[in-house]
Every structure is written in C-alpha cells, then in structure tokens.
Amino acid sequence: MITLWMLMSTVAVAVVSAGTVHPIDQTTSVGTAHTMHISGAVSAMTVDENATCAQCIRVLDVVQDCCENATSAARTIAALGKKCDSLFPKSPSSVALCDRLSNASVNLLKFLEKEADSLAWSSDALCAALGECTVGCCGDTVLPEQVHLSLTGTPSTMAVMWTTASAVPGVVTWGLAGSTLSSHAASTTDTYTDFGWRGYLHTATMINLTLGVAYEYKVGDGALAESAVFHFRTMAANVGTVDTPLRVASIADMGWGPASDDTIAQLTHLAVNGEIDLIIHNGDISYADGNMAGWDKFLRKIEAYATVVPVLVTPGNHEFWFNFTAYKKRFAMPSRDATQNMYYSLDVGTVRLVAMNTESELDIAAMSDWQVEFLKSVLAPPSTWTVAYGHRPFYCTNKGPGNVPKGEALLRKKAEAVLNDGGVQVVLSGHVHDYERSLPVRDGLPTAQDYLNISAPFYVVNGAAGNRESNDHPPGGASWSPPVDPTGATTSLSHAVSYGILTFAGPTLRYEQRFSTNGSVFDSFVVTC
C-alpha cells in the first residue's frame, strides 16, 4: 500500500513539475511531519501525520486530472524523463531503464484510476484504501442506524442488528404491538477497521416470541439514544401451508446506487403491507466493493423494509474484499458462529432454506469439500419444499464475463448430485445480471417440459435487482430452456430490473417475476412436488 502511495505522490509532483495543474500547497502542516524519500524519484513529499487524509485526497485529485488528460500524462512522462537524464548523465542504460519505469508508473496510475472509477471509488475512498483516511459509519455519534432483522433458525426468536458511531451500550426493547415494550435484551458489539472504517456493530436477539403475532421494537442504548419504533410479525406455526402460505421475495446483485431505487420501493411496499414474509438477497448485496461507505449507504437505504421483514443473505463476488469481512460482520445468519454467515440452513414452516457459498478470495467460483459435506447433512431428510440458494449460477445461457462458464461447470461438478440426491426442488442464484429460469434439469438435460410433480430441481438466475453495472439480456436456447410462450403473456428471459416472489402453499409453489418499475408480473408458473 505505502509503495503505491509513494508512487502516486511522485507522479503527482511530476505533474506539478510539468505545469499541468496547480501545485499542492504544503505550507499548512501543523503536526509532526515525515518525508518519504524515493530512490530515483523526482522529489520527496512531506506528509503531515495529522493531515494525511486531506493531503492524500489532493494528491489523488492531481493524479486523476493527469490520468484523464492525455496531454497532462504526456507532459508528466516528459518531466520524469528530464529527471532521469539529470540523475544518470553518464549512463544511457540507466536513463533508458528510468524512462521505462517512469512511463510504466504513469500508465499504471491510469489503469488504477480506471479501475477505481469502475468500482465507483472517489479520491477519498482510494485514500481510505491506502490507510490515509478513515470512513465514519454514521451521521450521529450515538443514535442507532442501519437496523435490519434476520431469522435465527428458531421460530420464537428474531435477531436484529444496528450500527452506531461510538461504543455505546446496545439493547433491543420489544413487546406485543399496541402494548408496552417491556422485554429487553443486551447486544453484543463488534467492529473492524478495514478500508479505514470506524463504527460499531450491534447484534441482539428477541426471544420467547409468540408465533404468528405482531410485535413492536426499538434499538439503542436503552435510554436517550434510541431508534424509532419498528414492527414485525413472527412466522405462524403453520406457515407454508395452504391456509398460511410462505411468501418469499428473491433478489440478487442489488447495490446502494440509484439503479436499485425501484426494487427497494417495491419491496418496501410489500413488506409494510404484509404481502411478503422474508427476503433472500442472494449475493452482491451492496456493491460497496471494499468501500465501506457503500455498505453504510446500502443498509440505510434498505432499512424501510429490513426493519419489517427478516433478510437472509449469501456472499457474492462483490463481497470478497478484505476476506469478506464486511459481509461476515454486518449480518447475523443462522450458524453465524460456526460458518461466519458463509453458508447455513434453516426451516421456515414447511420450507427448508439452504444457503450456499459459491465464492473464493480470488473472485472465482469455488465450493469447499467441507461445505459439500454440510450440504449432504442438511439435505436429508427433505422437507415438503427445499430451496438452495447461492450467488453464482449452476445453469445459465448468458456466458459473459465473471467466470460464468467455468464457474457453472465447477459448481455442477461439486454439488449438483448432492442437490439432486437431497431432494432440492428450487435453486436460486444471481451474479449474471438478468432473469432466466430453467426447466427441471439433471446433468444438463431436462427431466420434464413442465413443472408438475418435478423430480429434479429447476434453476432461477435472478441477478436483476438493480446495480451500477446494468443488466444483460440472456440468449436462452439451451436444451433445458422453457419453450417460448406463443401468446407472449410470459417470458422466461429478461434483462429488466426485477425481483422474484415465491409463494409456498402446501404442495404447490407459485413463482412470479415482477418488474421493479410497477410491480407487474411478466413471468409466472406453478410448480408441484
């Protein structure tokens, strides 16, 4: 990290020497300063220990100006070249090497600037990545924010998480809707400092809840610094039956930016009006890409629905930064202590939900032998319905970037037989930014041309909830692709920003894919088991 910072500082000084931008004012330092000497560099830069963040941002603004302007870049290379000549007046080979390194440093910074732009990193974000800036979590020093619910695997409990800027005590207080909030539980507190993030993560569990009942709750310090009062309803004892269907919203690849506004508005409407019971967010959760401010923005943005219905998550490739630390720390899934949220299983009424980790630290598909053994253990015996979900697809026809074809092959080799043998009927994924479903399929071949009394899983790719990378249209046409609806009333392929709704009612499952713009259904089919 420090080498990159020194390199950027050096090139920034060269930019100044070339006369392409106004020089950086270094006359305002007030603390203990240190000088970074770079062998063969144009100059040395004095950085104030108490003002390094502001200085870093200004340097990167200079570098960005250079990288975005071909003339500036050329002048910078020329300035560095003159310095090479002066450093090695009697060694042509050393001058040539110095020139190559100087040219490469500018091109490297142009590449890094382009990559940072693709990640939506600003100069302050880059400086946080370099360890020169900190990222505060919250708008207030003590008030809680980013509140969200999660199932624990025990129907009579509900987990809640929130974030504060300071290490204040945490407590959740709850009671039956319309009554006094008389029950309370203290939170555990955690934190991390990757990417310069500063904040405190609280987790508490509401216990001894009556099933099928509305509750109210609030979080905070139990005194003055408290949230608003939120509400939720526990699952009914017979949820998933014909009398009390289980309604699950399914999304993936939804970020903190404006592309997700419509989806979040639809999910909020459904949650507040009691039309869904839980949400599965199947990887690529915030598109923070290591920039922890993005996580804070996202969790504030979804608070309107995440405080009303529980949200279950799996890791995606955009969570892999810092070994998935933000993902591991910011959520409380079942078996959190054992698997760090990476994979888990729980029963919700008649439906068994099995979360898979399809990711690796190298941003390619992976699945450990340990996880395969875990899947074998939780997939027997099967419930009425068994849904497996993980970020990367097992089946899709959109073969764009993102390690998709190789990832498909790896996941099918590792786990498809386990899913088949374990009685899984539905496999949900994301990663590819579109919507596509398969027929029931086993080993690459369809087992039926409809979804009645299925004997193999069907697969849904649903990475279309809205992110800065936009969506792609899947081509379809695989042997396991559903036939085209001649009436045009439904389509199994779409690049529209959308979300799924799964309604489990006894032996019947209805799947709907809805436009996020207006909530209308563009694909719907019924599955029986």
Side-chain angles (χ1 to χ4, degrees), residues 149-159 206 209-215 232-251 267 270-282 305-306 308-314 333-335 343-356 375 377-390 419-420 422-429 437 440 451-460 462 499-514 521 524-529:
L149 297 171
S150 175
L151 298 177
T152 67
T154 301
S156 61
T157 67
M158 183 73 76
M206 293 172 272
L209 304 175
T210 302
L211 300 187
V213 171
Y215 281 87
F232 71 92
R233 179 176 290 273
T234 54
M235 301 288 180
N238 64 338
V239 69
T241 64
V242 173
D243 292 334
T244 309
L246 174 65
R247 301 154 303 173
V248 180
S250 172
I251 57 174
L267 294 179
L270 294 170
V272 170
N273 287 281
E275 298 179 40
I276 53 175
D277 301 302
L278 68 91
I279 296 170
I280 292 175
H281 193 151
N282 210 3
Y305 67 68
V308 181
V309 297
V311 179
L312 299 175
V313 295
T314 61
M333 298 296 102
S335 307
Y343 53 90
Y344 54 89
S345 172
L346 72 159
D347 289 339
V348 183
T350 64
V351 181
R352 176 159 295 180
L353 300 174
V354 181
M356 300 180 292
L375 291 176
S377 69
V378 299
L379 289 176
S383 303
T384 303
W385 289 99
T386 303
V387 180
Y389 55 102
L419 300 182
N420 290 333
V424 172
Q425 297 105 337
V426 189
V427 181
L428 304 175
S429 65
R437 62 177 162 96
Y451 300 89
L452 303 180
N453 300 314
I454 60 174
S455 60
F458 69 92
Y459 295 75
V460 178
N462 186 18
Y499 60 95
I501 299 291
L502 296 85
T503 302
F504 299 90
T508 301
L509 161 64
R510 176 177 291 278
Y511 186 99
E512 295 179 342
Q513 192 73 11
R514 302 181 182 183
V521 176
S524 177
F525 56 101
V526 173
V527 189
T528 60
C529 65

Which heavy atom of [X] sits nearest to which heavy atom of [Y], and what is that distance?
X      : Y      : result
Pro457 : Val424 : CG-O, 3.2 Å
Met333 : Val311 : CE-O, 3.4 Å
Ala249 : Ile276 : CB-CD1, 4.2 Å
Val239 : Val348 : CG1-C, 4.1 Å
Ala355 : Thr314 : CB-CG2, 3.7 Å
Asn453 : Cys529 : OD1-O, 4.0 Å

Is any side-chain heavy atom of [X] closer than 4.5 Å to a side-chain heavy atom of [Y]?
X      : Y      : result
Val354 : Tyr389 : no
Val527 : Trp385 : yes
Met235 : Leu211 : no
Tyr344 : Leu312 : yes
Leu502 : Val351 : no
Leu278 : Pro310 : yes
Leu209 : Met158 : yes

Using the side chain to side chain donor-acceptor pair (under 3.5 Å) criterion, which residues pair with [X]? Sequence neighbours excluded.
X      : answer
Thr244 : Asn238
Tyr305 : none
Gln513 : Asn462, Ser498, Tyr511

Run the numbers on His281 and Leu267 for side chain to side chain contact (heavy atoms under 4.5 Å, CB included), then give the verdict.
-> CA-CA 12 Å; His281 193 151; Leu267 294 179; over 6 Å; no
Okay, side chain of [X], backbone of [Y]: is any donor-acceptor separation there less than 3.5 Å?
X      : Y      : value
Arg510 : Ala505 : no
Asn282 : Gly390 : yes
Glu512 : Ser524 : no
Thr234 : Val213 : yes
Thr350 : Gly240 : yes

Side chain to side chain contact (heavy atoms under 4.5 Å, CB included) with Ser345: of Leu379, Thr386, Val378, only one passes, and it is Val378
From the list Leu246, Leu151, Val387, side chain to side chain contact (heavy atoms under 4.5 Å, CB included) partner of Leu353 resolves to Val387
For Thr157, the side-chain contact (heavy atoms from CB on, under 4.5 Å) test, sequence neighbours excluded, returns Thr152, Thr154, Thr205, Ile207
In terms of ring plane angle, is the pair Tyr215 and Phe232 parallel, tilted or perpendicular, where the classes change at 30° and 60°?
-> parallel
How far apart are the C-alpha atoms of Arg514 and Tyr499, what are their side-chain angles, what is the distance that settles it, and do they pass the side chain to side chain contact (heavy atoms under 4.5 Å, CB included) test?
-> CA-CA 6 Å; Arg514 302 181 182 183; Tyr499 60 95; 3.5 Å; yes
Rounded to the nearest 0.5 Å, the CD atom of Gln425 sits from the CZ atom of Phe458 at a distance of 8.5 Å
Taken to the nearest 0.5 Å, the spacing of Thr508 OG1 from Leu452 CG works out to 9.5 Å
Arg247 meets the salt bridge (Lys or Arg N to Asp or Glu O under 4.0 Å) criterion, sequence neighbours left out, with Asp277
For residues 235-246, the salt bridge (charged side-chain N to carboxylate O under 4.0 Å, His left out) pairs (sequence neighbours left out) are none
